[in-house]
Amino acid sequence: QVQLVESGGGLVQAGGSLRLSCAASGRTFSMYTMGWFRQAPGKERDFVAAIASSSGTTNYAESVKGRFTISRDNAKNTVYLQMNSLKPEDTAVYFCAATPGTTWRVGVRQYDYWGQGTQVTVSS
């Protein structure tokens, strides 16, 4: 069982930056692929970024490539999402997700564990 707790959301102006953190419980964090998803009001939950457990390779949604960076610190059981050049359309609740495995995943149903989410609001 893995418990995930996100933090770092907030209100920021367009063009600004935020760094989200996701702290995971358990001693096997390094064996989990981690992902970030987001959900805007009335919309489905969408993939944002993922990082593999073993290789650390990453994958991003086209809409955030070049602006967002996912990283992980296995010693701290934490995954991060650095968000730069934020746009109003980035406004959403951001969720951290985890699943056992060695390769990154992009589907909501491919993840077994989810955090409670953190709100990111970008004003124009």
Side-chain angles (χ1 to χ4, degrees):
Q1 191 78 5
V2 176
Q3 292 184 328
L4 304 172
V5 179
E6 303 98 334
S7 61
L11 174 64
V12 63
Q13 289 188 333
S17 298
L18 282 175
R19 188 176 82 154
L20 305 183
S21 299
C22 173
S25 65
R27 296 178 291 178
T28 58
F29 175 78
S30 62
M31 299 174 63
Y32 283 79
T33 283
M34 303 298 296
W36 285 98
F37 289 75
R38 66 186 182 186
Q39 188 167 18
K43 296 189 176 181
E44 295 184 349
R45 191 169 298 188
D46 291 330
F47 169 75
V48 174
I51 185 166
S53 60
S54 58
S55 65
T57 57
T58 58
N59 189 36
Y60 297 92
E62 285 296 326
S63 59
V64 307
K65 278 184 180 178
R67 301 188 297 121
F68 291 11
T69 302
I70 187 171
S71 61
R72 65 190 298 161
D73 185 338
N74 289 337
K76 295 183 178 180
N77 281 16
T78 302
V79 62
Y80 305 97
L81 185 68
Q82 178 66 44
M83 306 186 294
N84 299 329
S85 302
L86 282 161
K87 304 175 181 180
E89 51 264 43
D90 294 318
T91 295
V93 177
Y94 282 70
F95 296 89
C96 174
T99 191
T102 58
T103 59
W104 45 258
R105 317 282 178 88
V106 301
V108 170
R109 296 185 178 184
Q110 294 177 300
Y111 286 83
D112 298 308
Y113 304 102
W114 293 84
Q116 82 289 348
T118 185
Q119 176 70 47
V120 171
T121 303
V122 184
S123 64
S124 57

Can you check whether [Y]'s main-chain N or O pairs, donor with acceptor, with [X]'s side chain at less than 3.5 Å?
X: Tyr60; Y: Ile70; answer: yes
X: Thr91; Y: Val122; answer: yes
X: Glu6; Y: Gly117; answer: yes
X: Thr99; Y: Gln110; answer: yes
X: Thr78; Y: Asp73; answer: no
X: Ser124; Y: Pro88; answer: no
X: Ser53; Y: Gly101; answer: yes

Provide the closest heavy-atom pair for [X] versus [Y] in the form atom of the first, atom of the second, distance.
X: Trp104; Y: Ala52; answer: N-CB, 3.9 Å
X: Gln39; Y: Lys43; answer: NE2-O, 3.1 Å
X: Val79; Y: Cys96; answer: CG1-SG, 3.8 Å
X: Tyr32; Y: Ala98; answer: CD2-CB, 4.1 Å
X: Arg67; Y: Leu86; answer: NH1-CA, 3.9 Å

Practice item. Evaluate the criterion side-chain contact (heavy atoms from CB on, under 4.5 Å) for residue pair Arg38 and Val64; output intermediate values, then yes/no. Key: CA-CA 12 Å; Arg38 66 186 182 186; Val64 307; 4.0 Å; yes
**Study point:** Chi angles and distances behind the side-chain contact (heavy atoms from CB on, under 4.5 Å) call for Arg105, Phe47
**Key:** CA-CA 9 Å; Arg105 317 282 178 88; Phe47 169 75; over 6 Å; no
Review point. Can you name the side chain to side chain contact (heavy atoms under 4.5 Å, CB included) partners of Asn77, sequence neighbours left out?
Key: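 Partners of Asn77 under the side chain to side chain contact (heavy atoms under 4.5 Å, CB included) test: Phe29.
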**Study point:** Residue from Phe95, Tyr94, Trp114 passing ring pair (Phe, Tyr, Trp, His ring centres under 6.0 Å) with Phe37
**Key:** Trp114
**Study point:** From Met83 atom CE to Arg19 atom CZ, the distance as rounded to the nearest 0.5 Å
**Key:** 11.5 Å
Exercise for review: Please determine which of Val12, Leu81, Asn84 meets the side chain to side chain contact (heavy atoms under 4.5 Å, CB included) test together with Leu18.
Suggested key: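 Looking at Val12, Leu81, Asn84, the match for Leu18 under the side chain to side chain contact (heavy atoms under 4.5 Å, CB included) is Val12.
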**Study point:** side-chain hydrogen bond (donor to acceptor under 3.5 Å, both in side chains) against Asn74, all qualifying residues, sequence neighbours excluded
**Key:** Arg72
